Amino acid sequence: YAETRAQKNVEIKNETIKLVKENFEIIIDTISKRQSVFTQRDIENLVFKSTDSVEDYNLTLQRVLDSEKLICLKYNEAGRLSFTTKHTYFKEVDLAKMSNEMSGVRKFTIHSKVIDKIAAHKDYTLFDEQKNALNHIVNAGQIACVVGIAGAGKTRTMKALKAVYDSQGIYISGAAMAGKAEHGLQ
């Protein structure tokens, strides 16, 4: 089994090397699917894994760094040069514009008793900070942001939020960085 698996890994690596030689932009596409902002070190690591010689590494790395698809942002907190793709950058600009347009615009009102009832429901049982976040979102207008550390209860709060809106027959759309939180919004 281990020998077969090792052989398969070699085949996959060889296929990857071949594809990258044919089209270096695979590196950009791959890394941008993983991260919206990435460092030169991230690029270097992926290029290293996708090439089989020093010459190919240097050539591929230079092509990626010179690509019209990339935007060089700035040095991050660790002193590493950061990048994003033009596609991601302009999507984020569009999102920011849309957010500004939607900010503060209210199309409906939900009575606080509805919010309190769902916040106290056994499926959600929100703590005070989570209840405050729920109230903030419901009263913020068409768009609101919730930020918190891992384990703070953002996903639980979003599930309660969905229940609040569902109880009123209101369709909502949400976005999240983590897949777990995103699934809670569906």
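Residue indices begin at 1 and follow the sequence shown. Source: prediction; values computed, not measured. Only this structure's heavy atoms are used, side chains among them; waters, hydrogens and symmetry mates stay out.
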Is there a path of hydrophobic side-chain contacts, each under 4.5 Å between heavy atoms of I, L, V, M, F, W or Y residues, that connects Val37 with Ile31? no
With rounding to the nearest 0.5 angstrom, report the CG to OG distance, Leu59 to Ser53. 9.0 Å
Are the side chains of Phe83 and Leu65 in touch, meaning some heavy atoms are under 4.5 Å apart? yes
Is Asp29 paired with Lys69 through a side-chain N to carboxylate O contact shorter than 4.0 Å? yes
Taken to the nearest 0.5 Å, the spacing of Arg41 CZ from Ile43 CD1 works out to 12.5 Å
For Phe127, is there any backbone N or O sitting under 3.5 Å from a side-chain donor or acceptor partner on Gln130? yes
Within the structure provided, determine whether Lys131 and Asp128 are in side-chain contact (heavy-atom separation under 4.5 Å). yes
Using side-chain contact (heavy atoms from CB on, under 4.5 Å), reason through Tyr124 and Ile118 one step at a time and then give a plain yes or no. CA-CA 7 Å; Tyr124 310 108; Ile118 289 176; 3.8 Å; yes
Measure from the side-chain N and O atoms of Lys86 to the backbone N and O of Glu68, and report whether any donor-acceptor pair falls under 3.5 Å. yes
Less than 4.5 Å apart, any side-chain heavy atom of Ile71 and any of Thr85? no
Exercise: identify the closest heavy-atom pair between Thr84 and Leu73: CG2-CD2, 3.9 Å
I want to check something: taking the side chain as every heavy atom from C-beta on, are Thr109 and Gln168 in contact at a cut-off of under 4.5 Å? no
Short N-O contact, Arg63 and Asp56, less than 4.0 angstrom: no
Short question: side chain of Asp42, backbone of Phe38 - any donor-acceptor pair under 3.5 Å? no
Could you tell me which non-hydrogen atom of Tyr75 sits nearest to which non-hydrogen atom of Leu81, and how far apart they are? CD2-N, 3.6 Å
Do Ser67 and Val64 come close enough that some side-chain heavy atom pair is under 4.5 Å? no
First locate atom CD1 of Ile12, then atom CD1 of Ile17, and finally report the distance between them rounded to the nearest 0.5 Å. 12.0 Å
Per the side chain to side chain donor-acceptor pair (under 3.5 Å) rule, which among Asp66, Asn58, Thr60 passes with Gln62? Asp66
Okay, side chain of Thr125, backbone of His121: is any donor-acceptor separation there less than 3.5 Å? yes
Indicate if Tyr89 and Leu70 have the same hydrophobic cluster label, given that clusters are the connected sets of ILVMFWY residues with side-chain heavy-atom separations under 4.5 angstrom. no
If I take atom CG from residue Leu19 and atom CD from residue Glu25, how far apart are they, to the nearest 0.5 angstrom? 13.5 Å
Determine the minimum heavy-atom distance between Asp123 and Arg156, stating which atoms define it. O-NH1, 3.9 Å
Step-by-step side-chain contact (heavy atoms from CB on, under 4.5 Å) determination, Ile170 to Ile110: CA-CA 10 Å; Ile170 300 168; Ile110 297 176; 4.1 Å; yes
Intermediate values then yes/no, side-chain contact (heavy atoms from CB on, under 4.5 Å), Thr157 and Leu126: CA-CA 7 Å; Thr157 303; Leu126 302 180; 4.3 Å; yes
Exam field: side chain Arg80 to backbone Thr39, donor-acceptor pair closer than 3.5 Å: no
More than 12 non-hydrogen atoms from neighbouring residues, nucleotides or ligands closer than 6.0 Å to CD on Glu129, yes or no? no
Does some side-chain heavy atom of Glu92 sit less than 4.5 Å from a side-chain heavy atom of Ser36? yes
Restricting to non-hydrogen atoms, name the atom on Leu161 and the atom on Leu134 that form the minimum distance, rounded to 0.1 Å. CA-CD1, 3.5 Å
Can you tell me if His136 has over 12 outside heavy atoms packed within less than 6.0 Å of its NE2? yes
As an exercise, state the distance from CD of Glu101 to CD1 of Ile143, rounded to the nearest 0.5 Å. 10.5 Å
What is the distance from atom CD of Gln7 to atom CD of Glu11, rounded to the nearest 0.5 Å? 7.0 Å
Within the side chain of Lys13, is there an N or O that forms a donor-acceptor pair under 3.5 Å with the backbone of Lys49? yes
Are the side chain of Thr51 and the backbone of Val47 linked by a donor-acceptor contact shorter than 3.5 Å? yes
Using the ring of each side chain (for Trp, its six-membered ring), is Phe48 parallel, tilted or perpendicular to Tyr57, with breaks at 30° and 60°? perpendicular
